[in-house]
Amino acid sequence: MSTDKLPTRSENFSEWYNQVIQRAEMADYAPVRGCMVVRPYGWALWENIQQALDKRFKATGHVNAAFPLFIPMSFLEKEKQHVEGFSPELAVVTIGGGEKLEEPLVVRPTSETIIGYMYSKWIKSYRDLPVLINQWGNVVRWEMRTRLFLRTLEFYWQEGHTAHATAEEAVEETIRMLNVYTDFALNEAAVPVIPGKKSETEKFAGAVDSYTIEAMMGDTRALQAGTSHFLGQNFARAFEIQYLDPNNSLQYCWTTSWGLSTRFIGAIIMTHGDDQGLILPPRLAPIQIVVVPIYKNDQEQSKVFAAVQQVEKQLSAWRFKVDLRSEVTPGFKFNDWELRGVPLRIEIGPKDVDNGVVTLARRHLPGKAGKSTLPVDQLSNQIGSVLDEIQAALLERATRFRDEHIFNPKNYDELKEVVQNGWAFSWWCGSADCEAKVKEDTKATTRCIPLDQPEESGPCIVCGKPAQRKVYFARAY
RNA sequence: CGGGGCGUGGCUCAGCCCGGUUAGAGUGCACGGUUCGGGUCCGUGAGGUCGGCGGUUCAAAUCCGCCCGCCCCGACCA
């Protein structure tokens with residue numbers, strides 16, 4: 001890997017993105033087009049994301065299970081919208097064990113159908129409800145244009161699938177999980193997402209309503225970072241998921257599904273990163289603190305290493321690493337760990353040892369601005385709050401960036417302009433024609449209709465007809 | 001699939017138009033020394049079927065044909 005400078009984000013954002021991922025060893029390209037290898041450092045980040053989410057799923061009553069990778073083709077065809085939405089991007093297995101299969105198997109692009117099939121076997125009574133199951137797994141969608149983490153043929157995610165007795169309960173669940181995602185994004189990833197509802201044209205194939213958390217990336221493009229769907233009775237009818245209610249009458253269930261994928265890693269990278277590389281939020285960073293010892297001869301080395309040992313003892317509550325490499329200089333290590341986005345660096349050199357301190361360097365504040373010293377014996381009771389400050393600063397900074405790039409265009413011409421470098425928040429009549437016109441003119445699509453809306457109305461930014469809802473228009477990944 | 005571009009040591013590329021010694025550079029890798037508070041410097045070394053097949057020629061990385069693969073733009077999309 002070259003030690004050349006990264007391309008800057010302003011000169012070539014997507015090249016910056018690709019290079020930072022590969023240089024930081026988060027992921028690499030696999031020998032199959034469109035597939036990636038998630039390397040240990042990237043996977044460690046994903047594991048931390050998984051833990052943060054899984055804890056929240058369990059706290060809201062969900063349990064984990066595992067469903068098959070292969071789905072009979074006929075299952076997909078049972079829900080009309082669903083098959084129309086997914087058939088162009090299916091990977092299909094037609095041969096198994098050297099024999100042509102009687103029925104082709106689809107490599108799951110999502111699991112509503114096979115889980116629906118199982119739910120129809122498991123659910124008989126209102127007493128069986130609700131069923132609240134999540135699975136962690138991988139899915140395959142044969143995308144044409146791929147991009148590390150954002151869009152690959154195979155990706156890792158979690159998909160929750162729930163079945164309920166009433167529409168109200170299912171809607172409540174859909175919103176509950178949307179809120180879980182929002183809470184995760186804000187408080188763990190420091191990614192300030194906007195929760196809202198998808199338009200008819202943007203919603204999930206087979207859903208009644210789709211909800212999303214939308215995030216603004218560093219180039220102002222929007223990224224759908226997680227979704228929660230109210231599926232109504234569409235899949236329940238397709239798979240005959242029925243139960244007897246207390247009055248002994250047969251009812252269809254109401255189902256939901258919700259998912260968040262390794263795409264979120266892309267969201268973290270493009271929300272916080274800078275021209276030096278990644279910046280990972282302390283709560284999710286695989287390495288929260290890196291310790292770099294500095295010395296120029298054996299005498300200094302032993303002095304410094306003794307101090308490093310003291311420091312290590314005080315850091316036991318955090319995920320930290322001591323960089324003892326002797327073949328590279330401290331300056332190299334600084335750049336190296338900055339590229340990898342470690343939020344806090346502790347430098348320990350002879351001068352620090354003489355003064356009984358260590359030097360802290362905050363990743364998000366380059367150069368002198370992020371540096372300070374701390375007495376060694378203060379480490380264990382101060383580091384926690386330093387990391388909390390960094391976490392808060394990242395969220396604050398990303399939120400400010402987002403808000404500075406959301407505009408209220410006064411007319412359609414202004415909308416066309418602002419979506420070139422930001423999002424437009426505008427009244428929209430709800431018609432697909434108006435959406436399509438914006439897309440054709442600007443490549444921007446409706447991202448979401450936020451849940452908390454002003455009790456007002458206004459003229460549609462496109463056609464001028466009365467509109468009840470405001471929507472975000474943005475170019476998206 | 002439509003439009004554009006590219007395949008040369010691990011990586012990034014030069015060389016190709018205008019065919020001609022042992023195919024180069026930077027970086028990475030290995031070893032030795034030097035350095036170490038912001039990507040040290042010097043030296044030595046390993047590493048290449050020039051994407052594949054065929055053709056032209058005394059001679060092909062270089063010219064011609066076919067094929068394969070990848071990247072970028074577009075339609076699709078967590």
Side-chain angles (χ1 to χ4, degrees), chain A residues 1-7 12 14-15 18-19 22-23 28-34 84-90 108-110 137-147 149-159 181 198 201-205 207 210 212-215 222-229 257-267 276-277 292-298 300-301 304 323 325-339 345-355 357-359 361 366-368 370-371 373 439-440 443 445 476-477:
Chain A
M1 190 55 69
S2 161
T3 56
D4 293 348
K5 284 242 164 79
L6 281 169
N12 191 342
S14 63
E15 192 52 31
N18 282 330
Q19 287 204 22
Q22 289 179 81
R23 292 195 193 189
D28 202 353
Y29 289 104
V32 180
R33 181 197 76 88
E84 278 176 13
F86 281 104
S87 60
E89 50 184 277
L90 293 179
R108 63 184 172 203
T110 178
N138 56 342
V139 289
V140 169
R141 299 179 187 179
W142 214 267
E143 304 289 355
M144 298 311 287
R145 298 191 37 64
T146 65
R147 216 141 157 17
F149 289 120
L150 300 183
R151 201 180 307 104
T152 46
L153 296 200
E154 180 191 20
F155 59 89
Y156 300 86
W157 74 343
Q158 58 69 218
E159 47 178 327
Y181 288 151
K198 282 290 186 191
T201 49
E202 295 286 327
K203 77 180 185 186
F204 176 76
S210 283
T212 174
I213 50 172
E214 292 289 323
L223 184 76
Q224 181 172 315
T227 47
S228 186
H229 311 294
S257 68
W258 27 276
L260 185 147
S261 75
T262 39
R263 170 181 261 197
F264 204 95
I265 292 174
Q276 291 297 310
V292 178
I294 297 157
Y295 51 86
K296 51 170 157 275
N297 53 47
D298 289 352
E300 285 185 357
Q301 178 178 345
V304 166
D323 189 348
R325 285 178 293 176
S326 60
E327 70 275 18
V328 290
T329 61
F332 183 94
K333 293 178 184 178
F334 295 168
N335 284 285
D336 197 34
W337 293 110
E338 283 168 7
L339 173 67
R345 180 175 72 238
I346 297 180
E347 306 170 12
I348 308 175
K351 292 177 213 159
D352 298 307
V353 177
D354 291 343
N355 297 328
V357 300
V358 295
T359 298
K368 292 264 194 308
K371 290 206 183 190
T373 57
K439 187 172 181 181
E440 181 164 340
K443 291 185 182 170
T445 51
Y477 275 101

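Every heavy atom of this structure was used, including side-chain atoms; hydrogens, water molecules and symmetry mates were not. Just so it is clear: chains get the letters A, B, ... in the order the sequence lines come, proteins before strands, and each one is counted from 1.
Between A:Glu15 atom CD and B:U12 atom P the separation is 10 Å, expressed in whole Å.
Contact annotation for A:Arg147: no contact, since no heavy-atom pair falls under 4.0 Å across all strands. Among the heavy atoms of the strands, none lies under 4.0 Å from A:Asn297. At a threshold of 4.0 angstrom between heavy atoms, the contacts of A:Lys333 with the nucleic acid are absent. Across all strands, A:Leu150 comes closer than 4.0 Å to base atoms (heavy-atom distances). Across all strands shown, A:Ser261 has heavy atoms under 4.0 Å from base atoms, whether or not it also approaches the sugar-phosphate. Heavy atoms of A:Glu347 sit under 4.0 angstrom from at least one base atom. Contacts of A:Thr445 with the nucleic acid, taken as non-hydrogen atoms under 4.0 Å apart, are absent. Contact annotation for A:Gly349: base contact, defined as any heavy-atom pair under 4.0 Å involving a base atom. Across all strands shown, A:Lys443 has heavy atoms under 4.0 Å from sugar-phosphate atoms exclusively, and none from any base. Heavy atoms of A:Glu300 sit nowhere under 4.0 angstrom from any nucleic acid atom. Within 4.0 Å (heavy atoms only), A:Thr110 reaches no atom of the nucleic acid at all. Nucleic acid contact for A:Glu143: base, since at least one base atom lies under 4.0 Å from a heavy atom of the residue.
Nucleotide B:G7 is matched to B:C68 when pairs are restricted to Watson-Crick or G-U wobble geometry with both distances under 3.5 angstrom.
Of the side-chain N and O atoms in A:Thr329, one or more sit less than 4.0 angstrom from OP1 or OP2 of B:U40. Look at A:Lys371 and you won't find any side-chain N or O under 4.0 angstrom from OP1 or OP2 of B:G38. Between A:Lys439 and B:C76, a side-chain N or O to OP1/OP2 separation shorter than 4.0 Å is present.
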